[in-house]
Amino acid sequence: MKARNAAGMLVLVLGMPALAGCSGEFEIPFFLLGTEETVTGEVCQVTEDSILIRTESPEEDGADADENKTEAEHDPVQEFTGEEQKITLTKDTVVRPGKLEEAEQDESETPEDAQEELSAADILEGDVISASLDQKGRASEILVISQAKSRGAGKLREAEDYDAATEFAVDIVTDGETYGSAGTDENAVHVYGEARAFLKNVEITRTSRDSTGGSPAASYGIGSALLTTNGISYIRDSRISTDAPGGAGIFSYGNALAYAMDTAVATRQDLSGGIHAAGGGTLYAWNLEVETSGASSAAISSGRGGGKIAAEGGIYRTLGTDSPAVYCGADIAIREALLTADASEAARIDGGNALHLYDCELTGNMGDDLYNDSAWNVLVYHGTSGNFEPGKGIFEMKGGSLTAKNGGIFYTTNTESTITLSGVKILYPDVLDFFLKCTGNDHQGGWGKAGANGADCLFTAENQDMEGDILWDDISQLDFYMIKQSTLKGAVLHEKSNADKNQDGYCNLYIEEGSTWIVTGDSALNRLSCSGRIEDDEGKTVTIRGRDGTVYVQGNGKYTVTVLSHEAAANLSGASEMTRWMDHQAELPEEFL
C-alpha cells in the first residue's frame, strides 16, 4: 500500500479517554497530551467545533535512531499510528491549503499560492493536517497538507496498492493448499482483476505483530487473510486464522464478489473482523464458524463505502470488548445463525445502513464503562466518524431470540431509524435499564452536537411481547406502534434534555385492537392512539389525562398516563413492515453444488 505524510508532536493536557477512533470500524480511546505549539496528523473525525486526529508514531529513543531507519522509514509518506488528539476550532481559526514544511516556516516565508483560505467544512476524515495551537488546544491556523479526496480515500484502490504473499490475477482452482503471510501490512491471499479463484480445503494463516491495523485495514482490507478486490473468490471446507492487528479473515472490497461456505475463521488481534465488506464489496456466506478475540473486532462487519453481506446458518462469536457480533455499515442480512457478543452489545448499526435478521439467536453482553450512562444490546446511531453517511438506520428482526445479559435492549441516538420486531423471543437481564431509549447523548466520542443529536425513530412491534420502559426526550421523535397482539409491560418516561425550550420532540404511541400496554409507572407522551387495552400490572384501569387537565379515562389503578392528545381508535398507517429473507439471499453458486 501507499503510505501517507507524517510528522508532528503531541500537544494539550492529559484528557479523558473517548470512544471515537480512527479505525473506521469502531471507536477507540484517545489521550490528549503535551505542551507544544504544533501538531500534525491524520483526521479521524470532524464535528462542528473540533477535529480528532491521529498523530505520528513516537520516534525511537537515542541519538542514532534516525541513522538506524530504513529507506522506507525515511519516506515522507507514512501511516499515522500514534496517539489520538482533539483540536478545538474557534470562529477565528484559519484553514488553508499548505505543505508539511510550512508548519516550521515563518508566515512571511509562506508561498502566496498557499494563502488561499478554506473553511473547517472542507476538512474531511482522512485528510492530513498541521495545526498551530494555543495552550488550551485551540487552533489559530490549520494547514491542510493533503486531502482525502485527492488522495483517493473515497475511491476504489487498485491492485498495486496492496502487498500480498499470494496473488491470483487469473482463474485458478486449488485444493488442499496452504497459504501464509508474515509480512507487515501484507495480505495472505489477494484475488483481483478479472480472476475467479476457487479455493477448497485450504488453510490460510496471517501472522504479524508489526502490522498497522487501523483505518487502512478496516476500510480497504490491507493485512487481511483473504482479500478480494474486483475479482470473484470461492472458498469452502477451509480454515482461516489471523494473528495480526487489523487482520480480518475474509474481506470483499470494491466490485468484488466473495463466496464462503463451511469454513472456520478465527482472528486474535484488535480491529480484526471475521468476515468483512467495504468499498461496495459483496460477500455471501453459508455455515461459517467465526470467532474473534480482539477488541473492536466484529464477527460480521463492514467499513467505509459499505457493500452487502448475506449470511445463512453458522456460528459467529466475539470475545473482545467493543466487538458486537454484527457491526453494520452496509446492507447486512442473516438467517438462522447464532450471533453472540461476550463483551459487547449484540449489534451496532451506524449511519444509513440496514441489518435484517431472520430466525437468528442474537446475544449481547455489553459491560458498564466510563463512557456511557448505560449499557445496551442493539445500537442504531450515527457515530460521526466520517466513515458512514448519515441516513436512516434500519434494524429488523423476525423470529428467533434476542438475549440481553446487561443494560437495556434498544438505544437509538443522533440518527433517523426504523426498528421492526416480529415474534422475537426476548430474554432480559436481571436488572433491565430500559426496553427502548430514544434520546440525544453527550457521548465523549462526539455522536453529534449535544442538545441537537436526538433520535427520530419509527418502532413497530408485531406479535411481540416486550418488557421495560420507553425513554424519550425533548430533542427526539418517536412513533411506537403495537400491532397483531403485541404486549408492552413498562412505562413511557419523558426525560428532560439540556436543549433549548423550543424543541419539537415527541413520543406517540399507537395500539391496535388486540394489543395491550401494561403500565408499570406514571407515564408521559404526546399522542395516544389506542384501540387496544391499557391497564396496570394489577389488571386495573389506568387514568389517562390531558396536559390541560382533561380526563379522557378515569381509571381505578394507581398510575396516570399524561398525554397531549387522546384517540380511542388507532391510526396504524405509519407502521413499518418487515422485508423478506428472499429479498436478500443469494443462490448457492454452482461451484458449491
Side-chain angles (χ1 to χ4, degrees), residues 1-2 23-25 152 155-172 174 177-199 202-208 211-236 238-260 263 265-267 269 271-285 288 290 292 297-298 300-309 330:
M1 60 167 283
K2 294 185 173 56
S23 68
E25 189 166 359
K155 300 191 306 181
L156 297 180
R157 292 206 163 192
E158 303 297 335
E160 59 266 25
D161 291 317
Y162 298 91
D163 293 325
T166 301
E167 295 181 329
F168 295 129
V170 296
D171 292 358
I172 187 74
T174 68
E177 300 293 334
T178 297
Y179 303 97
S181 164
T184 301
D185 297 330
E186 180 184 64
N187 297 97
V189 177
H190 183 196
V191 180
Y192 63 93
E194 302 296 324
R196 295 167 60 93
F198 181 67
L199 305 114
V202 302
E203 182 170 356
I204 303 175
T205 60
R206 166 92 182 102
T207 303
S208 171
S211 289
T212 305
S215 184
S219 299
Y220 307 113
I222 291 170
S224 57
L226 173 58
L227 171 68
T228 307
T229 62
N230 304 320
I232 303 176
S233 65
Y234 305 86
I235 183 169
R236 66 171 302 173
S238 298
R239 295 177 303 281
I240 296 175
S241 63
T242 74
D243 192 359
I250 302 174
F251 201 113
S252 178
Y253 179 79
N255 296 320
L257 272 172
Y259 297 93
T263 292
V265 178
T267 72
Q269 298 301 313
L271 294 164
S272 300
I275 62 175
H276 193 109
T282 300
L283 195 159
Y284 295 110
L288 303 187
V290 176
T292 70
S297 301
I300 301 175
S301 59
S302 47
R304 178 189 294 147
K308 179 179 180 180
I309 297 176

### Query
How are the rings of H276 and F251 set to each other: parallel, tilted or perpendicular (split at 30° and 60°)?
parallel
Spacing of [atom1] belonging to [X] relative to [atom2] belonging to [Y], to within rounding of 0.5 Å:
X    : Y    : atom1 : atom2 : value
I250 : T267 : CD1   : OG1   : 11.5 Å
I204 : E177 : CD1   : CD    : 11.0 Å
R196 : L257 : CZ    : CG    : 9.0 Å
F168 : Y179 : CZ    : OH    : 4.0 Å

If you take all heavy atoms of [X] and [Y], which pair is closest and at what distance?
X    : Y    : answer
G246 : S272 : N-OG, 3.3 Å
A188 : T205 : CB-O, 3.8 Å
S301 : G273 : OG-CA, 4.0 Å
I240 : A225 : CG2-CB, 3.5 Å
G183 : R206 : O-NH1, 2.8 Å
L227 : Y220 : CD1-O, 3.9 Å

Would you find a donor on one side and an acceptor on the other, under 3.5 Å apart, between the side chain of [X] and the backbone of [Y]?
X    : Y    : value
N187 : S224 : yes
S219 : A278 : no
N230 : G254 : no
S297 : L271 : yes

By side-chain hydrogen bond (donor to acceptor under 3.5 Å, both in side chains), which residues pair with [X], not counting sequence neighbours?
X    : result
S252 : none
T229 : H190
S208 : S211
E203 : R239

### Query
Sequence neighbours excluded, which residues qualify as side-chain contact (heavy atoms from CB on, under 4.5 Å) partners of A165?
S181, E186
### Task
Would you please name every residue forming a side-chain contact (heavy atoms from CB on, under 4.5 Å) with A277, sequence neighbours left out?
I309
### Task
Identify, with sequence neighbours excluded, every residue that meets ring pair (Phe, Tyr, Trp, His ring centres under 6.0 Å) alongside Y234.
Y259
### Query
Applying the side-chain contact (heavy atoms from CB on, under 4.5 Å) test to T263, which of V202, V290, I235, I275 qualifies?
I235
### Query
Between the side chains of S233 and T228, is a donor N or O closer than 3.5 angstrom to an acceptor N or O?
yes
### Query
Under a 4.5 Å cut-off applied to non-hydrogen side-chain atoms, are Y284 and K308 in contact?
yes
